[in-house]
There are 2 protein chains.
Amino acid sequence: MSFSDIALACVNQLQPYVPGKPIEELERQYGIKNIVKLASNENPLGPSQSVLTAIAEATKDLTRYPDGNGFVLKSALAEKYQLGLSQITLGNGSNDVLEIIARTFVSPADEVLYSQHAFAVYPIVTQAIGAKGVIAPARNYGHDLQAMSTLLSERTKLIFIANPNNPTGTSLADDELEAFVAQVPPSTLVVLDEAYVEYGDGTADTISWLEKYPNLIITRTFSKAYGLAGLRVGFALSHPEIANLLNRIRQPFNVNSLALVAATAALADDAYIAATKQLNDQGMAQLIAGFEAMALSYIPSKGNFITVDVERNGLDIYESLLQQGVIVRPVTNYGLPQHLRVSIGLYAENQRFLEALSSLLGRPL
Amino acid sequence: MSFSDIALACVNQLQPYVPGKPIEELERQYGIKNIVKLASNENPLGPSQSVLTAIAEATKDLTRYPDGNGFVLKSALAEKYQLGLSQITLGNGSNDVLEIIARTFVSPADEVLYSQHAFAVYPIVTQAIGAKGVIAPARNYGHDLQAMSTLLSERTKLIFIANPNNPTGTSLADDELEAFVAQVPPSTLVVLDEAYVEYGDGTADTISWLEKYPNLIITRTFSKAYGLAGLRVGFALSHPEIANLLNRIRQPFNVNSLALVAATAALADDAYIAATKQLNDQGMAQLIAGFEAMALSYIPSKGNFITVDVERNGLDIYESLLQQGVIVRPVTNYGLPQHLRVSIGLYAENQRFLEALSSLLGRPL
């Protein structure tokens, strides 16, 4: 007997998420030092002082369990977004929130709808349940809401929309997105994944839509602009009835105690977000200028990353960049075999990547 | 329409885990200061210096994702337990590990077997899947392995055994436990939950059983003796094939980066474990002496807690203790309505609890 025989069929078929290669792993494998990682859409600024201070104060209580209700962080989120505490579900990163949503509502008989080239976690949480994933073809590498509408069926329990989308950086016009949400039947949930929303122009007020569309769930994260990828905090904003159900499936201590205090501090640190956005805008301009100098086409992005067409096998270029100590993200598994996704780093990191790519492709900068 | 109507039936029926009341919550609710918490089996020593140092060094990388493979911590565990890295599954606390095991192997058509008065997470992870929980009656508040054998059926996919058990502190003789494991069919998994193993006499060598019984999974945690409840690290040791399956369901970044470095430091800190055990032995003797002075019976415990029969409604006594700033754990939901579970604290904390209880019950110490 193999243990696969007694595991659930959906688990056997599951292809786990492939993270960006950690710096330490590349060091071990290739013996390379001075590595630049532009692979996981992390904030290149490093943690803010307010976060470090909050963590240092909280470490004395490490032997205590976290507050399973996350009262202080939820209160801060409720104040910022003008919602009730009962509308918030905290997660161990937004990955956890996305999984909790699927496990609360989706049975193997249901369908989950998402777009081609959208975030890999949507198919994974769907497959982990044994439900049917329905993939809408993309338009210009982004969500084609018309195509998604067409694929809505009576069995569609959940729709995932990433805005901006990862890994392509595409975004949807607010009015177009709201019109889509408005026509989804009330018994189908729409998850609007806004992991990268802080990098946008801030004009959309999707949180105010929650009142109009009770089947809407907005997910956000502290892993990107807030700079807390290592600590794992994400959250969902929703109708209180939905939050009540999600919190039943949620593990009681899913968010750790340092994450709770760090996220509370980060949420109040407007200066860090402003510096993050400014650095990102500058780095984005730098990479785009480099791509244009090399005559490479790229997908215009509203995130903290940009996906570029290297006109060769992306995995090969990825490997060659690794050998030069530059980690980017291949996106072959997203159906983009000639593209690479590059996170916006510090000026020198971006430059190191551009020079390595230029040299590999034989295209001067 | 209510959103309950579109949620899974098992989620609607789920009674979430009720954690020990956090100190801050009692402060908010009752305006009490100087609170003693003996409610969550936390390590009263506070974090070790080696852990604090490891965390302080790692905070500079907080904006980076954790190593999803947990290479360094797994290597340390593999070295300590003389196992392969491929036999280890890391979890966001052992709660996460227990849930991952259930979600990997158990379908709604399966049965999960556990004991009366055993850890509340076993029924919760079972119900969250919609599987059938089968509860074996306890013997002397602990596992009755004979009764559990009798309840084994062809549908039993998973057996949970807590040794020592929480909340009763009971433990099983090694030979009796091994004989039980040996007679379980190879297609039924046995999860041996050893969250409190470090408080025992260290004679059992259950890890060596993994080779003999490939269907055995041992789970342990850094939340108790290792003093890292706030950071959430647990792990499973198993056959590599089982670990491979568990790691498919595991969220890619389920253990946060400070937890990974803290657990690695804690694992090497033998002096902290020795001090923890000594303090626990002294506190256990102190509480037992107090109970005997008050002529209260208690369940002999191998953990860092003890469960005492207060001969009154446990919830009432719990509430009265709260008003005096002492948090313990009612165990009515464990089928023990006249008992309270008390974690071993520092000498003064234990004394404060004993005096408050003595005064409430009118029984001199």
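Note that this is a predicted model, so its numbers are computed, not measured. A note on names: the letters A, B, ... follow the listed sequences, proteins ahead of strands, and every chain is numbered from 1.
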State, without any angle test, whether A/Gln251 and B/Asn92 hold a side-chain donor-acceptor pair at a distance under 3.5 Å. no
If we only count heavy atoms from C-beta on, is the A/Met1 to B/Ser187 side-chain gap below 4.5 Å? yes
Among A/Lys224, A/Arg250, A/Glu24, A/Gln15, residue most engaged with chain B (heavy-atom pairs, under 4.5 Å): A/Lys224
Pairwise side-chain contact, B/Ser2 with A/Glu241, heavy-atom cut-off 4.5 Å (strictly under): yes
Quick check for you: among A/Ile129, A/Ile55, A/Asp96, A/Leu52, which has the greatest number of heavy-atom pairs under 4.5 Å with chain B? A/Asp96
I'd like to know which of A/Gly227, A/Ala259, A/Pro22 tops the heavy-atom pair count under 4.5 Å against chain B. A/Gly227
So do the side chains of B/Phe3 and A/Pro214 get within less than 4.5 Å of each other, counting heavy atoms only? yes
Can you confirm whether A/Pro19 sits close enough to B/Phe253 that some side-chain heavy atom of one is under 4.5 Å from a side-chain heavy atom of the other? yes
Which atoms of B/Leu189 are under 4.5 Å from chain A, going by heavy atoms: the side chain, the backbone, both sets, or neither? side chain
Picking from A/Asn254, A/Val255, A/Asn244, which has the most non-hydrogen pairs under 4.5 angstrom with chain B? A/Asn254
For B/Tyr17, all residues meeting ring-ring contact (aromatic ring centres under 6.0 Å, His included), sequence neighbours excluded: none
Residue, of A/Pro44, A/Ala7, A/Pro16, that accumulates the most heavy atom pairs under 4.5 Å with chain B: A/Ala7
Let's test your reading of the structure: which of A/Gly130, A/Pro252, A/Pro108, A/Ser48 forms the most heavy-atom pairs below 4.5 Å with chain B? A/Pro252
Atom group of A/Lys21 that falls short of 4.5 Å from chain B, counting heavy atoms: neither
Out of B/Leu45, B/Ile23, B/Val106, return the one with the most heavy atom pairs under 4.5 angstrom to chain A. B/Val106
Salt bridge check, B/Arg103 against A/Glu99: does any charged N sit closer than 4.0 Å to a carboxylate O? yes
Correct closest heavy-atom pair for A/Gly230 and B/Asn256 would be O-CB, 3.1 Å
Bottom line for B/Asp5: the part with an atom under 4.5 Å from chain A's heavy atoms is neither
Report yes if some heavy atom in the side chain of A/Phe71 is under 4.5 Å from a heavy atom in the side chain of B/Glu25; otherwise report no. no
Chain B heavy atoms under 4.5 Å from A/Ser4: which part of the residue, side chain, backbone, both or neither? both
Is any side-chain heavy atom of A/Leu228 closer than 4.5 Å to one of B/Thr63? no
Around A/Glu154, counting heavy atoms of other residues, nucleotides and ligands shown, do more than 12 lie under 6.0 Å from its CD? no
Under a 4.5 Å cut-off applied to non-hydrogen side-chain atoms, are A/Leu231 and B/Leu62 in contact? yes
What are the two closest heavy atoms between B/Arg64 and A/Lys37, and how far apart are they? NH1-O, 3.4 Å
Highest number of heavy-atom pairs under 4.5 Å with chain A among B/Thr188, B/Asn247, B/Asn95 belongs to B/Asn95
For the interface with chain A, which of B/Val125, B/Asn69, B/Asp61, B/Asn12 has the highest count of heavy-atom pairs at distances below 4.5 Å? B/Asn12
Should A/Arg232 and B/Pro66 count as side-chain neighbours, where that means a heavy-atom distance under 4.5 Å? yes
Most contacts with chain A, counted as non-hydrogen pairs under 4.5 angstrom, among B/Leu245, B/Val51, B/Leu258: B/Leu245
A/Ile273: partners by side-chain contact (heavy atoms from CB on, under 4.5 Å), with sequence neighbours left out: A/Ala225, A/Tyr226
List the steps and the verdict of side chain to side chain contact (heavy atoms under 4.5 Å, CB included) for A/Ile6 and B/Asn215. CA-CA 11 Å; A/Ile6 64 166; B/Asn215 57 335; over 6 Å; no
